[in-house]
Novice: 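I have a structure I would like to understand better, so I am pasting it below and will then ask my questions one at a time.
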Amino acid sequence: MSERPADDLEILRISTAGSVDDGKSTLLGRLLYDTKSIFEDQYDALKRASEHRGEAEVNLALLTDGLRAEREQGITIDVAYRYFATPRKRFIVADTPGHRQYTRNMITGASTADASMVLIDARNGITDQSKRHAFITSLLRVPQVVVVINKMDLVGFSEEVFLAIRKSFLEYASKLSLPNLTFIPVSALLGDNVVEASGNMPWYRGLPVLGYLEDLPSERRRGPTDFRLPVQYVLRPNQDFRGYMGQVASGTLRVNEEIVVLPSGQRAQVKELFDLDGPVNQVAAGMNALVTLDREVDVSRGDMIVRSRNTPSVTQTFEAVVCWMSADHSVIGKSYVLRHTTRETSAVLEDVVYRFDIDTLHRDETHRLDMNDIGRIVVSTGLPVFLDTYEHNRAMGSFLLVDPVSNSVAAAGMVIRANRGELPEEQSRTSQILWLTGLSGAGKSTIADALVEQLRLDGLQAARLDGDDLRTGLNSDLGFSQEDRTENLRRAAHVAGLIARLGHVTVCSFITPMNADRRMIRKILGTQYTEVYVRTGIQECERRDPKGHYQRARSGQLQGFTGISSPFEEPESPEIVIDTEQTSIEEAVRILSDYVRQLP
């Protein structure tokens, strides 16, 4: 099979962090060297520099320690970006400094990362700096984190040392938001588990660092589906053409979809879409796009084009966590310039709520932030800004505060709360709850998953609530008696109602075998409730039997199983019936998504 052209390969952005002398630069140098990403003359120069320093081996760390001060001190100060590629993926690596006084540099490097590599010296274990790096990685919501336990050669490649460090890190990480953690033992100096698996650590059966990175998805592929196009330029070459240009921050948009322009609230339909090569039917996150509309609307640089049924918060007050980057401390009441996407407006620092002690995770009360401090602030703006929280949408939740006198960056921030204001002409809309009922194996969960994905692609906020999820969490105290089953559904109905109040179309998949329980749920949820009967014969459900439950029920190992030893009543009056023996999953999703779109 032929290799894909380099320009077609997916790009993964990686940040690195570690304490002084943990071996970040050596690890990156090893990745560059072993993937043949350096030229012979670069290697020769590296060899001469190592000899000049009196080192017996070639010091691969010198590949990334670019500043003279870094080489002299043996530490990383600036953020160094390095690029390399494999036949499967292209990589942009930000080698960030680890020392506390360079916290702002680390945040700069990690703010756009798809993954973060946190290095730990196997000899030292978890240090205060390791905790700081984990906290900052969590704060920036980096979606994938690999903890690289380096210098395993200096501890005899000991599995016990590796497991002890892993346990300590997990204990600290339990207080943070680090959902996807992977641990890899390496020796960057010798190359163990960097590109190739190590023969010195047969007890480790995971991927080496490069293999792990190659398997990771990029943030763009994982990003939010909400369409956001900050307008950068209005193109008007003549009186007969008007187009709005910008880079798509998130989501997708297709020809003929309805949009709304912020902050005016004017609505229109997409007439044409263009990328750099010409007309297209759809644009997506990361693309440079030009949009034309079916009617004249007032749009300027700094405005935003979004889907009419999926808008960000339009506000002039919000709360954020910031890293203070200026040598001058913060001043409450001082005016700054806020830069957010393509919009620029005056802003006032209204309050400093607290400062994080990133070594202990304590919140210290204070009214000022100094350079490299991280704290929570309140900001007001002169013009409305269009915000999503940073946790939900990194592109829409990040901003800069700029000193208006020196034009230097005072702070980099992440929105954590925005006070939503109403759009002009915007109508309130109660989100619907689709309750899928049917036998086990009928296809309820499969349809629910596909429907939620489609609704999000259509620009709607959608959420899924599943019986298995509640049974392992909120309702883990309940058994399978008729009373407990009814209580399980009563709780689920109230949870669905809470989710719907947040503006989400809520898709619930529960067997819900009794009409009395369906009537109870309808009474709780009222007009929001739509009952969808996913009808499938018992024989077909047994044939599918995805979890093996029917077989166990027939053999007597599973008591009280619906359809075998417990009754299932045909729904009395469902709004929608989908027969999955006659209807494909795709057709079922189309029926349900069309129903949702037709709601008032």
Side-chain angles (χ1 to χ4, degrees), residues 430-452 455 462-471 473-475 477-501 504-538 540-541 544 547 549-550 553 559-583 585 588-589 591-596 598-599:
T430 301
S431 293
Q432 194 73 5
I433 298 169
L434 274 65
W435 195 281
L436 277 57
T437 176
L439 289 166
S440 177
K444 302 183 300 298
S445 296
T446 303
I447 292 171
D449 283 335
L451 176 59
V452 167
L455 292 175
R464 178 179 169 324
L465 192 61
D466 184 79
D468 289 343
D469 295 336
L470 288 187
R471 278 288 187 181
L474 175 67
N475 294 345
D477 61 316
L478 299 176
F480 290 91
S481 67
Q482 187 55 53
E483 293 77 12
D484 280 359
R485 290 182 176 187
T486 297
E487 176 61 15
N488 176 58
L489 293 170
R490 187 191 69 82
R491 294 182 191 179
H494 283 287
V495 171
L498 291 173
I499 296 173
R501 285 179 208 165
H504 291 67
V505 177
T506 307
V507 183
C508 306
S509 51
F510 292 81
I511 293 175
T512 325
M514 309 302 289
N515 278 318
D517 290 335
R518 297 179 189 124
R519 289 192 294 271
M520 173 192 69
I521 296 166
R522 190 182 293 274
K523 184 176 180 179
I524 291 171
L525 298 176
T527 58
Q528 291 178 290
Y529 177 77
T530 295
E531 189 172 291
V532 180
Y533 177 26
V534 183
R535 183 169 59 198
T536 309
I538 185 71
E540 176 62 18
C541 290
R544 297 173 184 174
K547 301 175 183 177
H549 290 338
Y550 283 98
Q559 299 297 319
F561 186 72
T562 302
I564 302 298
S565 52
S566 183
F568 179 88
E569 298 177 349
E570 289 280 318
E572 295 171 334
S573 54
E575 279 77 11
I576 301 172
V577 177
I578 294 176
D579 187 336
T580 62
E581 294 185 68
Q582 307 294 328
T583 306
I585 297 299
V589 170
I591 292 169
L592 294 174
S593 59
D594 285 350
Y595 172 82
V596 171
Q598 292 167 9
L599 293 172

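Along the sequence shown, residues are numbered consecutively beginning with 1.
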Novice: Considering only heavy atoms from C-beta outward, does the side chain of Arg490 approach that of His494 to under 4.5 Å?
Specialist: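 Side-chain contact under 4.5 Å: yes.
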Novice: For Gly563 and Leu439, work out which heavy atoms get closest and say how close.
Specialist: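 Scanning both residues, the minimum pair turns out to be CA-CD2, 4.1 Å.
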Novice: Decide side chain to side chain contact (heavy atoms under 4.5 Å, CB included) for Ile521 and Ile433; before the verdict, give the C-alpha distance in whole Å, the side-chain angles of both, and the deciding distance to 0.1 Å.
Specialist: CA-CA 11 Å; Ile521 296 166; Ile433 298 169; over 6 Å; no
Novice: Given side chains that start at C-beta, do those of Leu592 and Ile578 come closer than 4.5 Å, heavy atoms only?
Specialist: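 They are in contact (side-chain heavy atoms under 4.5 Å apart), so the answer is yes.
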Novice: Give a yes or no on whether the backbone of Glu531 and the side-chain of Glu575 come within a donor-acceptor separation of less than 3.5 Å.
Specialist: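 Checked: pair present.
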Novice: Between atom CG of Leu434 and atom CG of Leu465, what is the distance when rounded to the nearest 0.5 Å?
Specialist: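 Leu434 CG to Leu465 CG: 12.5 Å, rounded to 0.5 Å.
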Novice: Are Glu572 and Arg518 ion-paired here, with the side-chain N under 4.0 Å from a carboxylate O?
Specialist: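 The answer is no: the pair does not qualify as a salt bridge.
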Novice: Is there a donor-acceptor pair closer than 3.5 Å between any side-chain N or O of Tyr550 and the backbone N or O of Ser440?
Specialist: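 Judged by distance alone, yes, a pair lies under 3.5 Å.
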Novice: Taking Gln432 for the side chain and Gln528 for the main chain, is one N or O donor matched with an acceptor at less than 3.5 Å?
Specialist: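 Indeed, once roles are kept as given, a pair shorter than 3.5 Å links the two residues.
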Novice: Treating Thr580 as the side-chain partner and Ala442 as the backbone partner, does any N or O pair qualify as donor plus acceptor under 3.5 Å?
Specialist: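 Indeed, once roles are kept as given, a pair shorter than 3.5 Å links the two residues.
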Novice: Could you pull out the closest heavy-atom pair between Ser565 and Gly560, with the gap in Å?
Specialist: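 Here Ser565 and Gly560 meet closest at OG-N, 3.0 Å.
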Novice: Determine the minimum heavy-atom distance between Ala450 and Val589, stating which atoms define it.
Specialist: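 Nearest heavy atoms, Ala450 then Val589: CB-CG2, 3.6 Å.
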Novice: In Å and rounded to the nearest 0.5 Å, what is the OG1 to NZ distance from Thr536 to Lys444?
Specialist: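 Between atom OG1 of Thr536 and atom NZ of Lys444 there are 8.5 Å.
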Novice: Could you please spell out the steps behind the side chain to side chain contact (heavy atoms under 4.5 Å, CB included) verdict for Met514 and Arg485?
Specialist: CA-CA 10 Å; Met514 309 302 289; Arg485 290 182 176 187; over 6 Å; no
Novice: Dump the intermediate steps for side chain to side chain contact (heavy atoms under 4.5 Å, CB included) on Leu470 and Phe510, then the final yes or no.
Specialist: CA-CA 10 Å; Leu470 288 187; Phe510 292 81; 3.8 Å; yes
Novice: Would you check if Val532 and Pro574 make a side-chain contact, meaning some heavy-atom pair closer than 4.5 Å?
Specialist: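 The answer is no; the side chains never approach within 4.5 Å.
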Novice: What pair of heavy atoms forms the shortest contact from Ser509 to Arg464, and how long is it?
Specialist: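 Smallest heavy-atom distance, with atoms named: OG-NH1, 3.8 Å.
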Novice: Measure the spacing between CG of Asn475 and CZ of Arg491 and express it to the nearest 0.5 Å.
Specialist: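 That separation rounds to 5.0 Å.
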Novice: Under a 3.5 Å cutoff, is there a donor and acceptor pairing between the side chains of Asp517 and Thr486?
Specialist: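 A pair is found: one side chain offers a donor N or O, the other an acceptor, under 3.5 Å apart.
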Novice: Out of the candidates Val534, Asp466, Leu436, Val507, only one should pair with Ser445 under the side chain to side chain contact (heavy atoms under 4.5 Å, CB included) rule; please name it.
Specialist: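 Looking at Val534, Asp466, Leu436, Val507, the match for Ser445 under the side chain to side chain contact (heavy atoms under 4.5 Å, CB included) is Asp466.
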Novice: What closest approach, in Å, do Thr583 and Ala588 show between heavy atoms, and which atom pair accounts for it?
Specialist: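 Looking at all heavy atoms of both residues, the shortest contact is CG2-N, 3.7 Å.
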Novice: At what distance, to the nearest 0.5 angstrom, does CZ of Arg535 lie from CD of Glu540?
Specialist: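 Arg535 atom CZ to Glu540 atom CD measures 14.0 Å (nearest 0.5 Å).
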Novice: Hey, what do you get for CD1 (Ile538) to CD1 (Ile564), rounding to the nearest 0.5 Å?
Specialist: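 Ile538 atom CD1 to Ile564 atom CD1 measures 4.5 Å (nearest 0.5 Å).
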Novice: Students often mix this up, so state it plainly: with edges at 30° and 60°, are the rings of Tyr529 and Trp435 parallel, tilted or perpendicular?
Specialist: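 Ring orientation, 0 to 90° scale: tilted.
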Novice: Starting at OG1 of Thr530, measure out to OH of Tyr595 and round the result to the nearest 0.5 Å.
Specialist: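 Spacing of OG1 (Thr530) from OH (Tyr595) equals 3.0 Å.
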Novice: Is it true that a side-chain atom of Thr437 and a backbone atom of Thr512 form a donor plus acceptor pair closer than 3.5 Å?
Specialist: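 Yes, Thr437 side chain to Thr512 backbone: donor-acceptor pair under 3.5 Å.
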Novice: Quick one: does any side-chain atom of Arg544 pair with a main-chain N or O of Gly441 as donor and acceptor, under 3.5 Å?
Specialist: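 Between the backbone of Gly441 and the side chain of Arg544 there is a qualifying donor-acceptor contact (under 3.5 Å).
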